[in-house]
Amino acid sequence: MCGIVGYIGKDAIKDILVDGLRELEYRGYDSAGIAILEEDEIQSFKAIGKLKNLEEKTKDFSTHHFGLGIGHTRWATHGKPTELNAHPHLGEFSYVVHNGIIENYQELKKELQASGVHFLSQTDTEVIVHLFEKNYKEINDPMAAFEKTVETLEGAYAILLITKADPQKIYFAKNGSPMIVGNDAKGDIYFGSSDAALIGKATEVIYLADGDYGYTSADGIFLYHDKEKKGLNKKPLIGDKVSAQKNGHRFFMEKEIYEQSEVLGDTIMGRVLDDQIKFDELDANFFDGISEIKICACGTSYNSGLACSYLFERQAKIKSSVEIASEFRYKEPLMSKDTLFVVISQSGETADTLEALKMAKKAGLKTLAICNVDNSSIVRLSDYTLLTRAGIEKGVASTKAFATQVMVMWMLSLYIAQHKKTISEKALQDEIDAIRHIPTTVMVEDALHEKIKRLSKRYLHGHGFFFIGRDLFFPLALEGALKLKEISYLHAEGYPAGEMKHGPIALADSELFTIALMPKNVHYDKIKSNVEELSARDSTILAISPLAFDLADDFIKTQHDNHPMSEFFEMMVITQILALEISVRLGNDVDMPRNLAKSVTVE
Ligand code: G6P
């Protein structure tokens with residue numbers, strides 16, 4: 001996820017910007033850049049890779065007067081991580097940094113190109129600076145030009161812009177992406193896309209609201225909303241850097257669970273239009289000659305792949321199978337060229353997945369990576385990539401990466417369905433409405449978290465957990481069980497509910513915990529009778545469902561039952577929090593569980 005910093009004052013501007021960016025490193029990035037305006041001159045530096053590369057490039061540069069600067073760490077979404085795609089983006093006399101995604105950038109870009117503007121990068125961000133300069137040339141008033149620019153943008157953004165047309169100011173705007181502005185006792189002004197960049201510098205801050213914009217200068221902060229001047233609601237900035245990085249949460253995993261609403265919004269942005277699914281990353285030939293999909297992955301990514309194989313068959317009417325990469329590698333698999341080979345990986349570096357991908361390439365298959373890290377080995381090797389846009393995931397137990405993988409593949413199943421015409425317009429519209437509802441579905445309400453926290457004390461012992469579900473909810477059961485075992489060290493299995501009677505039910509007694517995923521929209525009566533069978537054998541049942549279930553020992557009522565996938569995502573969050581709270585009660589290291597690694601680059 002990208003990071004933004006800004007500064008106005010007399011101190012060493014470059015050092016302040018780079019320090020701020022360093023505090024945002026935890027968010028993950030693949031390039032960085034700064035632009036500094038001092039005495040009417042703008043200097044800009046960009047480097048791919050780590051911040052030390054930017055520091056090396058700027059080591060002979062320093063400022064000595066009052067000035068201002070903006071900086072950015074970029075996590076690639078549109079275009080590869082190259083210097084040209086790194087921020088700040090340059091117009092003729094202005095620079096911009098931006099977090100978020102400009103949804104209407106393609107139409108704006110076409111209009112600007114038609115009026116003679118030359119673009120250097122593949123990013124959506126670059127339209128902002130050109131649009132501002134075009135407006136400025138027409139209006140000749142920088143603030144009015146900025147206001148008009150912001151009005152034209154659709155999507156999510158946190159923007160800082162500096163311009164030689166008004167060299168004493170930083171212009172800012174926020175909509176959907178976080179942005180904080182603050183000042184110290186001297187009146188120097190600081191910007192950051194997260195608290196972490198401002199701690200130790202600003203003493204009081206304003207958390208900008210969506211739709212806020214304005215400018216800052218040596219005279220202070222000037223804030224506007226809907227063309228009206230707005231009062232400054234300053235708050236003291238307290239806290240330490242590590243808790244700021246965790247956004248006030250106890251663990252990175254908890255932060256990442258809570259972040260799912262935001263990152264799922266990023267995942268769908270620009271890809272879900274009013275009447276169709278669109279992937280800029282896939283060309284018209286993408287699906288030519290394909291009659292089968294094979295998905296290959298490890299761990300959590302395997303579970304998301306399994307879930308989505310149901311969607312591919314159901315929505316896109318295409319034969320789909322899923323393989324664990326470490327098994328696939330050595331089974332002497334038969335591969336045919338009409339198969340699209342899909343690898344799923346958060347890190348893009350998992351050794352077994354990478355090797356399976358190499359085998360598929362060697363066999364001449366068309367390959368697609370669903371991945372969270374651009375420029376990773378898997379992305380570099382694949383013919384096509386869809387980035388999941390989850391931002392860096394620090395908790396070893398994967399949460400938001402899983403959520404975004406499922407989302408990307410749900411959209412992909414609809415994209416293929418569109419192409420193959422296996423879905424009616426009405427059904428597609430219903431799916432699009434459901435996708436747009438998911439960021440709301442995964443928001444964590446305090447009451448829900450509190451309830452799970454209280455329940456968790458009853459699930460600290462026993463001789464095992466069975467997470468059970470049917471259909472799409474079977475892979476979710478696998479993932480729920482995987483989360484729990486990863487961080488609680490308790491034995492947990494995910495099982496297809498209908499299969500329990502073929503063996504595992506022999507384990508049922510009051511010390512066997514059944515976590516039953518009972519969606520209203522997917523075979524409710526079937527799963528209900530499977531749970532009844534376990535209840536009759538005295539298993540302790542925690543039922544998760546929108547429908548009351550009398551035989552449950554414990555019951556978590558879900559709220560979103562308008563679509564199977566809403567139920568899927570809401571239950572996903574519940575199982576994640578359950579695992580987290582059990583782990584906390586057992587005193588385990590939630591973010592770094594024993595024996596596990598975030599990225600497994602060995603076989
Ligand atoms: C490790 C991680 C898991 C992850 C798996 C696959 O085991 O601990 O959380 O699901 O690798 O990783 P990938 O980066 O390929 O998704």
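Quantities reported herein were computed from a predicted structural model and do not represent experimental measurements. Whatever order the structure lists ligands and atoms in, that order sets their numbers, starting from 1.
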Engineer: Do Gln405 and ligand 1 have an N or O pair less than 3.5 Å apart?
Structural biologist: no
Engineer: Please determine which of Val531, Ile515, Ile541 meets the side-chain contact (heavy atoms from CB on, under 4.5 Å) test together with Ile468.
Structural biologist: Val531
Engineer: Evaluate Thr353 for polar contact with ligand 1, using N/O atom pairs at a separation under 3.5 Å.
Structural biologist: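 N/O-N/O distance below 3.5 Å does not exist for this pair.
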Engineer: To the nearest 0.5 Å, what is the distance between CG (Asn99) and CG (Asp266)?
Structural biologist: 9.5 Å
Engineer: N/O of Gly348 under 3.5 Å from N/O of ligand 1, yes or no?
Structural biologist: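 Checking ligand 1 against Gly348, no N or O pair falls under 3.5 Å apart.
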Engineer: Among all protein non-hydrogen atoms, which one is nearest to atom 12 (O) of ligand 1, and what is the separation to 0.1 Å?
Structural biologist: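 Residue, atom and distance for the closest contact: Thr350 OG1, 3.2 Å.
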Engineer: Please list the nearest protein heavy atom to atom 6 (C) of ligand 1 with its residue and the distance rounded to 0.1 Å.
Structural biologist: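 Atom 6 (C) of ligand 1 sits closest to the protein heavy atom Cys298 O, 3.4 Å.
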Engineer: Please confirm whether Lys294 makes a cation-pi placement over Phe341, using NZ or CZ under 6.0 Å from the six-membered ring centre and within 45° of the ring normal.
Structural biologist: no
Engineer: Please determine whether side-chain contact (heavy atoms from CB on, under 4.5 Å) holds for the pair Leu368 and Leu282, giving the CA-CA distance in whole Å, both sets of side-chain angles, and the decisive distance to 0.1 Å.
Structural biologist: CA-CA 10 Å; Leu368 167 70; Leu282 306 179; 4.2 Å; yes
Engineer: Does Gln346 reach ligand 1 with a nitrogen or oxygen that is under 3.5 Å from one of the ligand's nitrogen or oxygen atoms?
Structural biologist: yes
Engineer: How does Ala597 reach ligand 1, by side chain, by backbone, by both or by neither, if only non-hydrogen atoms under 4.0 Å count?
Structural biologist: backbone
Engineer: Of the non-hydrogen atoms in Ser121 and Asn85, which two are nearest, and what is the gap between them?
Structural biologist: CB-OD1, 3.3 Å
Engineer: Write out the residue and atom name of the closest protein heavy atom to atom 4 (C) of ligand 1, then the distance separating them to 0.1 Å.
Structural biologist: Thr300 N, 4.2 Å
Engineer: Would a distance-only check, ignoring hydrogens and angles, find a side-chain to backbone donor-acceptor pair under 3.5 Å from Tyr489 to Leu586?
Structural biologist: no
Engineer: For Ser301, take its heavy atoms, then give the atoms of ligand 1 lying under 4.0 Å from any of them.
Structural biologist: 10 (O), 13 (P), 16 (O)
Engineer: Val396: heavy atom below 4.0 Å from ligand 1, yes or no?
Structural biologist: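 Within the 4.0 Å threshold, so yes.
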Engineer: What is the closest protein heavy atom to atom 3 (C) of ligand 1, and at what distance does it sit?
Structural biologist: Glu486 OE2, 4.4 Å
Engineer: Is Lys50 positioned over the aromatic face of Tyr29, cation under 6.0 angstrom from the ring centre and no more than 45 degrees off axis?
Structural biologist: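 That pair qualifies as a cation-pi contact.
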Engineer: Which bit of Val600 is near ligand 1, meaning a heavy atom under 4.0 Å away: side chain, backbone, both or neither?
Structural biologist: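 Within the 4.0 Å criterion, Val600 contacts ligand 1 through side-chain atoms alone.
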Engineer: Evaluate the ring planes of Tyr258 and His249, with Trp represented by its six-membered ring, and classify them as parallel (under 30°), tilted (30 to 60°) or perpendicular (over 60°).
Structural biologist: tilted
